[in-house]
Every structure is written in C-alpha cells, then in structure tokens.
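What follows is one structure encoded as structure tokens, with my remarks underneath.
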Amino acid sequence: MTLRPLTILVTFFVGFTNLVYSQSPAPKPDWPAGQEIGLAVDVGPLGATRDFEVQPSGVANVFGNGPYDLLVSGRTLLPFKRFTRQGVPVFGHPSMLDVPRGSLAVFSAGTTSNALVYNGKKIQLSRFDRSRQRFEITPDFSATVPGGLRTLAAFPLTDDRLAVLFTKGDGKSRGVEGAHPHSADYRPFDGSGIYRGKLSYAVLGAMTLENGNSDPEIQFPIFPAQRDFLIRCTGLTKVDYPSLSRQGVMGAASQGMFYYFQNDSESALDLKPGVFLSGADDNGMRHPGIFPGLVAIPDPVTGDSNLLVGDTGSLWFYRFAGRFNQRGGPIYDPPVRALIENPILTLGALPVLTSGDLDGDGLIDMVAGNDAGHFLFVRNIGTPEKAEFDAPVRIKADGEILKIDGGYTGIQGPPESRWGYSCPTVVDWNRDGSADIIYNSIQGDLSVLLQQPGSSPPSFDKPVILKSDTMEMHLVWRTQPAVTDWNVEQGPQCIIVNDENNQFRRYWQIDDYNVTPGEVLRLTTGEPIQAHGKRFAGQFGRTKLQATDWDGDGKIDLLAGTGRAASIPGPGGIPDDTFEGDRRQASVLFLRNAGTNREPVFDYPRVMHFDQQKLEMGVHTCSPLAIDLGRGKLDLLVGEEDGCVIYFPRERLSWVDVR
C-alpha cells in the first residue's frame with residue numbers, strides 16, 4: 001500500500017469538522033440472521049462489536065506502511081488503510097495479533113515497534129517481528145516491579161534507557177459503608193445531598209528501566225499532591241510536537257478530561273504538573289464518552305501527535321490544532337469518529353432502539369440512546385421494500401448536541417456523573433406531523449423532545465420534563481417508555497413505563513407537557529406486572545418496553561428487554577429465577593394482550609427464541625425493536641450491550657412459555 005501524496009495530505013485540514021463518512025451509498029448483501037446489521041456506506045464509524053472492544057493499546061508499524069496500525073484491547077489489530085482528505089484514519093477489519101500475555105505499553109523506537117509487557121510483578125520488552133507478525137519477548141529491559149500498576153505508557157530516553165509511566169490507586173475505597181448497593185436500604189447520599197462515599201484518585205508514577213539492570217529506578221508519586229486523576233486514569237500515552245519542539249505525556253481521567261504533562265528533558269523524565277488539553281476556546285475539552293483510553297498517532301505531514309481515543313463503545317479522532325493554550329496545554333480540534341471500511345452499525349454501549357419516520361421521507365428510520373447519554377439518528381437510505389441505514393448522527397436539541405449526564409447526584413453516586421443511559425421512544429407526541437421523542441435516562445425524569453418541523457437532519461427543541469399531576473414525572477431510572485394510542489385513530493396517547501414501585505403503569509397524555517397517572521397493568525391472574533422485585537437501588541428500573549401488535553390480532557402487546565438480574569413479572573420471574581448459570585442473561589420477553597385495547601390484561605411473559613434457542617443477550621439489559629424492514633412483516637432487531645444491533649427474521653422466531 002502507498003500513502004496519499006503529500007500534496008493531497010496537506011489539504012485534509014480544510015473542513016475537518018464537516019466530515020462526511022462516505023460519498024455515496026454502496027449496495028450491501030442482506031443481513032445474515034442472528035448477526036450484526038451493516039451500514040449501507042463504504043466507510044463509517046468505528047465502534048465496539050461482538051468481536052472487539054475499542055480501548056486502544058497503541059499504534060505500530062505492522063505492515064510497513066508507517067506507525068498507524070492500531071492495536072485495541074491488547075491483541076486485536078485494526079490495519080491502517082488510508083487517511084481521508086480531512087486526515088481521519090480509516091482502518092480495515094480486525095485480526096488477532098500474537099502478543100505476549102499481560103498489560104501492554106506499545107511504543108516505537110526508530111523504525112521498530114515495541115511493547116513493554118507487564119504481568120504480575122515483572123515487566124519485559126518485546127519487539128515486533130514483521131516477518132512472523134508477532135511480538136516476541138527479548139532479554140533486554142527485564143525487571144521486577146511493584147504490583148498493582150495500571151495504565152502504562154513507555155518511550156525511549158536513550159538507546160539503553162526506557163521511561164515507563166504508570167498510575168496506582170491512592171488506596172481509598174470508593175464504596176459507601178453500610179447496606180449493599182442492591183439493597184432497599186442503600187443510601188449513597190446523606191440528608192444534605194452529599195455523597196457518603198469517598199472520591200479516590202489515581203496517582204501518577206514513573207520508573208526508568210536500564211538495559212541489563214533488573215532493579216529499576218522508581219519515582220512514586222511524581223507530584224506530592226497525589227491527586228492526579230479523579231477516580232481512575234483510563235489511559236496514558238507519550239505525545240510529541242516536533243513542529244513546536246515540545247514533548248510530554250497525555251493522561252485521561254475517567255470523567256472525560258485529558259491532562260498534558262510536559263517533559264522538559266529529552267534524555268530523562270522532568271515532568272511539569274498536568275494542564276488540560278483544550279479546544280479553540282481555551283477551555284478544557286471533555287470527551288463525549290466514558291472511560292476514555294488514548295494513544296498518540298503521528299500526523300503524516302508534521303509528525304505532531306494526533307489522538308485516537310476509545311471509550312465504552314466508540315473510537316474517536318482528535319487532530320492537534322498546531323498550538324498551545326495560555327496554560328501550556330495543547331489545543332485540539334473537536335473529536336470526530338475514527339473510521340472503518342465496510343462498517344457494521346455500532347451505537348455505543350447499552351444501545352436502546354426505537355423507530356419512526358424522523359425525516360418525513362416515508363421510510364422508517366431508527367433512533368438510539370446509549371450509556372453515554374447520546375441520542376443517535378440512523379437514517380434509512382434504502383427503499384420501502386428494503387431498509388438500508390446510513391452512519392449514525394448525534395441528535396441536536398436547542399442547537400447543541402444533546403447529551404444526558406447523571407451529574408453529582410446520579411443514583412449510583414458521583415463516579416457515574418458522566419453516564420446518561422438515554423432511553424428514547426419515537427412518537428408524534430404533539431401530533432403536528434413530525435416525529436418527536438419521549439425518553440427516560442439516568443436521571444429518572446420522563447421528558448419530551450419536540451421536533452422542529454422541517455429540520456434536516458432532524459433537530460429538536462430543548463427537552464422538557466413531563467409533569468404528572470403537576471409534579472415532575474420522576475420515576476425509576478433507565479427505563480424505555482412505550483407509547484401507544486391502543487390502535488384508536490386520534491385516540492388519547494398513553495405512556496407505559498415502570499412507575500415508582502417498578503410496576504408497569506399507564507400515563508395518559510393531557511397536552512404536550514402534561515400527563516395523568518392511570519392504571520397499573522396486570523396479568524390475567526390479576527397481579528401487577530412487577531420488574532426487579534428482589535433487587536433495589538441501581539437494579540430498579542432498566543426495563544426496555546415497546547408497545548406493538550406483535551401477534552397481529554389487532555391488540556397492542558408488549559415487548560420487554562430485560563437484564564440478567566431482572567425478575568419479570570416479579571419474584572420468581574424471568575430471567576433471574578427461571579434460568580440458571582450462563583442462561584441467566586438479558587432476555588427478550590413477549591407479553592400478549594389477552595384482553596382488549598380498552599381493557600388490556602397480559603399473559604405471563606414468554607421468552608423469545610431464535611431457531612429454538614433462547615435469545616441470550618449478555619449481562620446488561622437488551623433493547624428489542626419490532627420493525628417492518630420492508631418485508632411486510634414485523635421482524636426483530638435487538639440492541640445488545642456492546643453496541644451492535646442484531647437482526648432476527650420473523651419466521652425463525654418463536655416465543656416460549658418457560659414456566
């Protein structure tokens with residue numbers, strides 16, 4: 001492979017933030033049953049899949065095309081293919097690389113790719129053998145080091161000396177003393193609203209390895225305050241800015257901020273205290289996702305360090321803007337998604353699916369929420385006979401990209417302040433002909449996003465919390481509300497969602513911003529439909545609901561996505577007490593309406609099976625979506641925890657009573 005000529009590469013700075021993923025749709029084969037669905041573009045966003053996560057371990061020159069091949073999650077290799085005109089790297093599909101077991105710190109020394117391997121209390125150097133396509137341990141730079149080291153970064157100081165940066169916890173527990181977090185008595189906050197636990201820090205340390213010396217020089221902590229990274233450091237990497245004669249180390253905090261530690265020596269470690277990486281406004285830049293891990297990737301023109309940042313579900317590219325801020329921190333352009341050829345649809349971790357015609361073109365689009373609290377618009381660019389999807393775009397509200405944050409008072413405490421768990425449902429709530437969104441989130445506030453008519457891509461007004469009997473509609477968290485008119489044309493709209501007792505209840509629309517509580521939904525036995533009857537606090541809620549006529553009898557049924565700890569319809573339910581061992585996983589349940597649309601009652605939940613096998617969808621809750629993809633029947637898509645969407649054709653599904 002040859003890289004683009006320099007004259008073309010220089011042009012990629014222009015229009016960087018207006019990146020378009022692919023110039024034209026490409027025909028794709030039908031989706032294989034039981035597998036991830038693909039996108040109808042040649043190049044699209046790179047995200048976590050069933051096969052690999054996107055926490056980067058380093059870049060290496062694996063195929064002789066430069067130090068751009070990306071290693072993620074330790075040993076998964078994403079081969080570099082090219083740069084776009086905007087400078088964003090495009091990768092090919094993964095393969096497994098032969099790498100020694102242990103934590104890796106990948107780095108280059110001249111034209112050689114290396115990795116320090118940390119395993120237990122020993123650290124060793126391995127060098128990449130391109131002819132054998134593997135990293136091999138060498139006798140150089142082997143040492144006994146302390147245990148408990150995390151987030152290593154390494155780089156050469158001289159031919160015979162290596163610097164190794166690491167973090168280590170400050171020893172303080174982050175938990176809350178007293179009741180178990182799943183207990184009804186769990187209280188993360190005191191009566192003043194202050195977190196009862198401790199906020200711990202990850203502390204930065206360093207060691208110098210000398211070739212042939214098994215006793216490294218260790219400096220811990222580097223800075224006396226020992227408050228380098230709140231809660232966790234989720235990534236360290238060496239950064240170089242040869243165009244400005246600067247170098248240092250970049251570290252990521254779990255809450256999404258990046259610190260730059262300038263190194264004032266080329267042959268030793270002389271680090272200055274950390275300062276924020278910032279945007280053009282000179283303010284510290286916060287990553288869009290959670291738990292960012294980062295590696296530097298050299299700019300092919302300047303050699304300056306751009307960044308690849310992976311989080312719980314997506315990989316992002318940050319381009320160095322060529323200057324530093326007034327505090328001495330580097331300035332970067334806003335992040336865009338890193339790219340992969342022939343992409344599958346990835347939506348970030350814990351995706352929550354819904355559908356509707358958002359852009360008014362007569363085709364059914366998708367919308368998804370995720371753990372980071374984003375709302376993603378996935379446009380259908382196919383035909384009425386065959387759905388095909390474009391790359392996801394983050395939805396804007398009130399002119400800004402919408403992101404939900406739990407904040408300090410999130411139900412599981414400040415360590416989850418950056419989570420959002422957005423759970424949307426598409427519906428024309430104000431009946432103006434444009435699709436709106438009703439959603440829940442980590443905050444537990446049922447809210448509405450009214451679409452601005454004619455916006456393209458669809459944009460929304462500022463979100464408004466719905467009021468129930470004039471009070472904010474605050475219920476249990478992380479539930480996806482179902483919305484239906486019970487098949488009554490222009491009839492009153494109804495939200496079905498877990499109430500404050502974690503029972504399925506109806507709430508009837510009064511106007512755009514107000515509802516009134518209705519009845520608890522019940523089984524044919526008369527008992528209320530209960531979720532998570534044995535676990536409390538953060539295990540409450542979490543159910544994902546869709547109201548749909550699944551069996552085609554004209555009556556509105558319910559599809560429910562559960563986590564493996566759920567117990568629907570109450571203690572003794574599914575999947576917690578019904579399945580054991582590996583089969584106690586997130587499940588898709590069908591609750592048939594055995595009554596009428598006016599007076600619904602539901603059969604005991606049945607478990608969705610594919611090819612006579614129970615759908616087993618991991619640990620966290622899954623998100624089912626019954627959708628007509630152009631075949632004239634309701635097929636099933638399921639969002640699973642890693643961020644993929646799995647396709648199940650109707651004719652290979654069955655729903656089984658497992659009692």
Report task. To the nearest 0.5 Å, tell me how far Thr76 OG1 sits from Asp51 CG. Result -> 8.5 Å

**Report entry** Pair His93-Asn342, side chain to side chain donor-acceptor pair (under 3.5 Å): steps then yes or no
**Finding:** CA-CA 8 Å; His93 277 258; Asn342 301 314; 5.2 Å; no

Requested in this report: Describe, in one word, how the ring planes of Tyr241 and Tyr332 are oriented to each other, choosing from parallel (under 30°), tilted (30 to 60°) and perpendicular (over 60°).
Outcome: perpendicular

Query raised in the report: Are side-chain heavy atoms of Met366 and Leu625 found at a separation under 4.5 Å?
Result: yes

Report summary line: Between the CD1 atom in Ile438 and the CD atom in Gln480, the distance rounded to the nearest 0.5 Å is 12.0 Å

Query - Residue pair Tyr421, Glu416: steps toward the side chain to side chain donor-acceptor pair (under 3.5 Å) verdict - result: CA-CA 11 Å; Tyr421 302 123; Glu416 279 212 337; 3.0 Å; yes

Requested in this report: Find the distance between OG (Ser623) and CD (Glu640) and round it off to the nearest 0.5 Å.
Outcome: 11.5 Å

Query raised in the report: Heavy atoms, side chains only, cut-off 4.5 Å: are Phe155 and Val249 in contact?
Result: yes

Report task. Show your working on side-chain contact (heavy atoms from CB on, under 4.5 Å) between Val448 and Tyr439 and close with a plain yes or no. Result -> CA-CA 6 Å; Val448 60; Tyr439 72 89; over 6 Å; no

Query - Heavy-atom closest pair, residues Gly44 and Pro343 - result: N-CG, 3.4 Å

**Report entry** Arg327 bridged to Asp282 by N-O distance under 4.0 Å
**Finding:** yes

Report summary line: One should read off an interatomic distance between Gln247 CD and Asp264 CG, to the nearest 0.5 angstrom, of 8.5 Å

Requested in this report: For Arg286, look at atom CZ and say whether over 12 heavy atoms of other residues, nucleotides or ligands are found less than 6.0 Å away.
Outcome: yes

**Report entry** Any Ser57 side-chain heavy atom under 4.5 Å of Ser73 side chain
**Finding:** no

Query raised in the report: Any side-chain heavy-atom pair from Asp628 and Ile364 closer than 4.5 angstrom?
Result: no

Query raised in the report: Out of Leu358, Leu376, Leu353, Val352, which one pairs with Val367 under the side-chain contact (heavy atoms from CB on, under 4.5 Å) rule?
Result: Leu358

Query raised in the report: Any side-chain heavy atom of Arg127 within less than 4.5 Å of one from Thr112?
Result: yes

Report task. Take Tyr260 and Phe276 through the ring-ring contact (aromatic ring centres under 6.0 Å, His included) test and state the conclusion after the steps. Result -> CA-CA 6 Å; Tyr260 169 67; Phe276 283 145; over 10 Å; no

Query raised in the report: Would Gln133 and Phe128 satisfy side-chain contact (heavy atoms from CB on, under 4.5 Å), going step by step from the backbone distance to the final call?
Result: CA-CA 7 Å; Gln133 289 290 289; Phe128 184 70; 3.6 Å; yes

Query raised in the report: Should we say atom NZ of Lys403 is surrounded by more than 12 heavy atoms from elsewhere, each under 6.0 Å from it?
Result: yes

Requested in this report: Could you give me the CA-CA distance, side-chain angles and deciding distance for Ser243 and Asp304, then say whether side chain to side chain donor-acceptor pair (under 3.5 Å) is met?
Outcome: CA-CA 7 Å; Ser243 67; Asp304 293 334; 2.6 Å; yes

Query raised in the report: Going from CD1 on Ile222 to CG on Asp228, what distance comes out if it is rounded to the nearest 0.5 angstrom?
Result: 7.5 Å

Query raised in the report: Tell me, do Ser126 and Arg134 make a side-chain contact under 4.5 Å, heavy atoms counted?
Result: no

Requested in this report: Grab the two heavy atoms, one from Gln451 and one from Pro453, that are nearest each other, plus how far apart they are.
Outcome: O-CD, 3.2 Å

**Report entry** Test side chain to side chain donor-acceptor pair (under 3.5 Å) applied to Ser278 and Asn283, step by step
**Finding:** CA-CA 5 Å; Ser278 74; Asn283 293 312; over 6 Å; no

Query raised in the report: Between Lys238 and Asp240, is the closest basic N to carboxylate O distance under 4.0 Å?
Result: yes

Report task. Apply the test side-chain contact (heavy atoms from CB on, under 4.5 Å) to residues Ile646 and Cys644: give CA-CA distance (whole Å), side-chain angles for both, the deciding distance (0.1 Å), then the verdict. Result -> CA-CA 6 Å; Ile646 312 302; Cys644 297; 4.1 Å; yes

Query raised in the report: With under 30° as parallel and over 60° as perpendicular, where do the rings of His374 and Trp316 fit, or are they tilted in between?
Result: tilted

Query raised in the report: Is Thr302 reaching over with its side chain to a backbone N or O of Asp299, donor-acceptor style, under 3.5 angstrom?
Result: no

Requested in this report: Answer yes or no: are there more than 12 heavy-atom neighbours, outside Gln262 itself, under 6.0 Å from its atom CD?
Outcome: yes

Query raised in the report: Hey, which of Asn370, Val393, Ile395, Thr354 is the one that makes side-chain contact (heavy atoms from CB on, under 4.5 Å) with Phe375?
Result: Ile395

Query - Ion pair check, Glu400 and Lys462, cut-off under 4.0 Å - result: no

Query - Partner of Leu236 by side-chain contact (heavy atoms from CB on, under 4.5 Å), out of Thr151, Val295, Leu152, Leu294 - result: Thr151

Query - Residues Arg319, Asp333: salt bridge by 4.0 Å N-O rule - result: yes

Query raised in the report: With a 4.0 Å cut-off, would you call Lys386 and Glu388 a salt bridge?
Result: yes

Report summary line: Closest non-hydrogen contact found for Leu308 with Phe91 is CD1-CZ, 4.0 Å

Query - Minimal non-hydrogen separation, Gly382 against Leu363, with atom names - result: O-CD1, 3.4 Å

Query - Pairwise side-chain contact, Glu36 with Leu345, heavy-atom cut-off 4.5 Å (strictly under) - result: no

Report task. Take Asn380 and Asp390 through the test side-chain contact (heavy atoms from CB on, under 4.5 Å) and record every step on the way to the result. Result -> CA-CA 6 Å; Asn380 185 349; Asp390 203 352; over 6 Å; no

Requested in this report: Tell me, please, whether Phe291 has Arg232 positioned over its six-membered ring: NZ or CZ under 6.0 Å from the ring centre and within 45 degrees of its axis?
Outcome: yes

Query raised in the report: Do we get Arg379 above Phe389's six-membered ring, with its NZ or CZ under 6.0 Å from the centre and within 45° of the axis?
Result: no

Query raised in the report: Under a 4.5 Å cut-off applied to non-hydrogen side-chain atoms, are Phe229 and Ser254 in contact?
Result: no

Report summary line: Here the gap from Gln443 atom CD to Arg478 atom CZ, rounded to the nearest 0.5 Å, amounts to 13.5 Å

Report task. Taking all non-hydrogen atoms of both residues into account, name the closest pair between Ile331 and Phe320 and its distance. Result -> O-CD1, 3.3 Å

Report task. Measure from the ring center of Tyr68 to the ring center of Phe83 and say whether it is less than 6.0 Å. Result -> yes

Report task. Given ring-ring contact (aromatic ring centres under 6.0 Å, His included), test Tyr318 with Phe258 step by step and report yes or no. Result -> CA-CA 12 Å; Tyr318 288 72; Phe258 302 95; 5.6 Å; yes

